2 protein chains.
Amino acid sequence: MKTAKIESLLQKSNVRPTAMRILVYNFLLENEAAKSLTDLENYFDKSDRTTLYRTIKTFEDKGVVHQIDDGTGTTKYALCEQGCNCQIETDLHLHFYCNICDETVCLTDRKIPNINLPDGYTAEDANLVIKGRCEKCPE
Amino acid sequence: MKTAKIESLLQKSNVRPTAMRILVYNFLLENEAAKSLTDLENYFDKSDRTTLYRTIKTFEDKGVVHQIDDGTGTTKYALCEQGCNCQIETDLHLHFYCNICDETVCLTDRKIPNINLPDGYTAEDANLVIKGRCEKCPE
DNA sequence: ATAAATCGTGCAACAGAAGTGCATTATTCA
DNA sequence: TGAATAATGCACTTCTGTTGCACGATTTAT
């Protein structure tokens, strides 16, 4: 994607498009799998950890990326779909973690099914992670 | 529950019932909510962190407790039901995290629904956490 | 019953991820 | 241009999880 395009996308989300932010956005865009802060740190080894940390925090606050807790212990991030509203419960898609290649992907078209909770319980949010073998890791 | 009863339960799981282990088991038994290592550490402030860590690891290896990743970033543990086999996919129940009281409970009778994955994906494990308001935290 | 082997416990130290404070640099706006 | 605001980089801290090693307790074999 062209830099100018990313710039305007960031601006639309009220994120000032600095050089670093455009690079990070592009990195997330080019990778199907969700990336952790450490992944970013390793890739952008010239940049500071804190900058990357705050970049991703800003993205998250402004709805550019969403957090993924895939059970590995390290939080990962993936770009939100255009028009996605990750806060809305009905938009909650599930995530798939591959035990073989250690990558996590969004299955944006698979929503978390409705769960019938016991009396007195109210659902506000949900997180579903399926672990197994992904399409890229044949047996 | 009587100490003798806990002793025999531990022995049945091939865990030698030391004083510490019986205390930890009892603590988990008396608390409906799942507990973290830090919770144990705070409660048993005379005991060492490592001992508690290894106690819970032993329990986990022997199928006495199961791990819960509730998305808070800290792993919690809860006693397995009698006869529960947490490894078996069909036995996977869901967990509920209360945003108000910050406690996590097993909803053992609610199983994770079957998910239809895209072609090429194989499920081996799953984790579903619902977040919201629990029965003890009325509005 | 005693010695050898094994297991449990406690201390110290480490690793990785996440987060904060502060100074410096860059950018925007009046 | 200059003041205000935002972004970046460095150092440091905290929290959770984990390992190595030594000592003490318990079990097992003789």
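Only heavy atoms go into these numbers, but all of them, side chains included; no hydrogens, no water, no symmetry mates. This structure is a prediction, so every number in the text was calculated from the model and none was measured.
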Any side-chain N or O of A:T51 under 4.0 Å from OP1/OP2 of D:dG9? yes
Aromatic contact between A:Y121 and B:F96, with the criterion being ring centroids under 6.0 Å apart: yes or no? yes
Any heavy-atom pair between the side chains of B:H93 and B:K111 that's under 4.5 Å? yes
Just by protein heavy atoms under 4.0 Å, how would nucleotides 15-21 of chain D read 5' to 3' in B, S and -? -BBSBBB
Which whole-number value in Å describes the distance from A:D39 CG to C:dG16 P? 14 Å
B:D70 vs B:H95 side-chain heavy atoms within contact, under 4.5 Å: no
Roughly how far, to the nearest 0.5 Å, is the CG atom of A:L10 from the NZ atom of A:K5? 12.0 Å
OP1 or OP2 of D:dA6 versus the side-chain N and O atoms of A:T18: is any pair under 4.0 Å? no
Let me know the distance between CG of B:D45 and P of C:dC11, rounded to the nearest Å. 13 Å
Do A:V65 and A:Y25 have side chains that approach each other closer than 4.5 Å (heavy atoms only, starting at C-beta)? no
To the nearest angstrom, how far is B:D48 atom CG from D:dA25 atom P? 16 Å
Between C:dG8 (P) and B:F59 (CZ): distance, integer Å: 11 Å
Roughly how many Å is it from CG in B:L10 to C1' in C:dG8, rounded to a whole number? 14 Å
Nearest whole Å is fine: how far is C:dT9 P from B:I22 CD1? 10 Å
Take atom CZ of B:F44 and atom P of C:dG10, then tell me their distance rounded to the nearest Å. 12 Å
Can you tell me the distance, in whole Å, between the CZ atom of A:R16 and the C1' atom of D:dT5? 7 Å
Sequence neighbours excluded, the answer for side-chain hydrogen bond (donor to acceptor under 3.5 Å, both in side chains) partners of B:D69 is none
